[in-house]
Undergrad: 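Structure below; questions to follow.
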Amino acid sequence: MEDEPYAGPKPSDAEVEALIAGAKATRKRPSRGLWFAALIVSVACVIGLAYGLITNWDAKPEVVKSDAVRASSSSGSGFGLGLVIGLGAGIAIGSVLALRKRHS
């Protein structure tokens with residue numbers, strides 16, 4: 001048995017080209033608004049990263065013993081805030097995509 005996951009008959013080059021042409025013909029290009037939303041999210045992420053790097057650039061790392069268990073970090077909200085922002089952005093982008101698909 002070969003290492004290939006597909007064990008059926010191999011398609012011919014013409015069949016592959018026809019499949020690719022059909023996929024290209026039916027694919028919808030992302031709208032300008034979607035690109036703009038992605039750009040805004042990207043800029044917000046870069047600004048957040050730059051702010052975090054600038055404000056904590058000279059901060060000394062915490063010394064934590066390997067057997068010590070900590071409940072939370074000293075700042076306390078960085079990871080949680082990042083999760084909330086990421087979740088909110090994911091919901092917003094998913095909603096936009098769903099509404100876009102529904103109206104088209």
Side-chain angles (χ1 to χ4, degrees):
M1 183 170 215
E2 296 180 17
D3 290 337
E4 296 181 22
Y6 180 71
K10 301 238 181 206
S12 67
D13 287 341
E15 291 172 328
V16 171
E17 291 298 325
L19 179 67
I20 291 173
K24 284 182 180 178
T26 58
R27 180 182 176 265
K28 292 183 181 180
R29 297 191 67 177
S31 67
R32 186 170 297 197
L34 186 63
W35 281 108
F36 188 65
L39 180 65
I40 290 172
V41 170
S42 299
V43 168
C45 291
V46 168
I47 289 172
L49 177 64
Y51 174 76
L53 286 174
I54 290 170
T55 57
N56 294 318
W57 189 260
D58 294 330
K60 300 287 183 195
E62 291 182 33
V63 178
V64 179
K65 296 182 180 184
S66 61
D67 59 355
V69 177
R70 297 183 313 151
S72 66
S73 65
S74 63
S75 64
S77 65
F79 183 70
L81 180 62
L83 284 177
V84 170
I85 291 172
L87 182 63
I91 290 172
I93 292 169
S95 298
V96 167
L97 290 175
L99 287 173
R100 180 174 170 251
K101 187 166 186 126
R102 180 184 295 170
H103 292 297
S104 50

Undergrad: Are Cys45 and Leu49 close enough that some pair of their side-chain heavy atoms sits under 4.5 Å apart?
TA: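 No; the side chains remain at least 4.5 Å from each other.
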Undergrad: Would a single hydrophobic cluster contain both Ile93 and Val96, if residues Ile, Leu, Val, Met, Phe, Trp and Tyr are joined by side-chain heavy-atom contacts under 4.5 Å?
TA: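 Yes; tracing contacts between hydrophobic side chains, which count when under 4.5 Å, links both residues.
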Undergrad: So which atom in Pro30 and which in Leu34 form the shortest heavy-atom distance, rounded to 0.1 Å?
TA: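 Closest pair (atom of Pro30, atom of Leu34, distance): CB-CD2, 3.9 Å.
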Undergrad: Could you pull out the closest heavy-atom pair between Arg100 and Arg29, with the gap in Å?
TA: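 Result for this residue pair: NH2-O, 3.0 Å.
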Undergrad: What's the separation between atom CD1 in Ile40 and atom CH2 in Trp35, rounded to the nearest 0.5 Å?
TA: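 Those atoms lie 14.0 Å apart.
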Undergrad: A side-chain contact here means heavy atoms from C-beta on lying under 4.5 Å apart; do Leu83 and Leu87 qualify?
TA: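 Leu83 vs Leu87: side chains apart.
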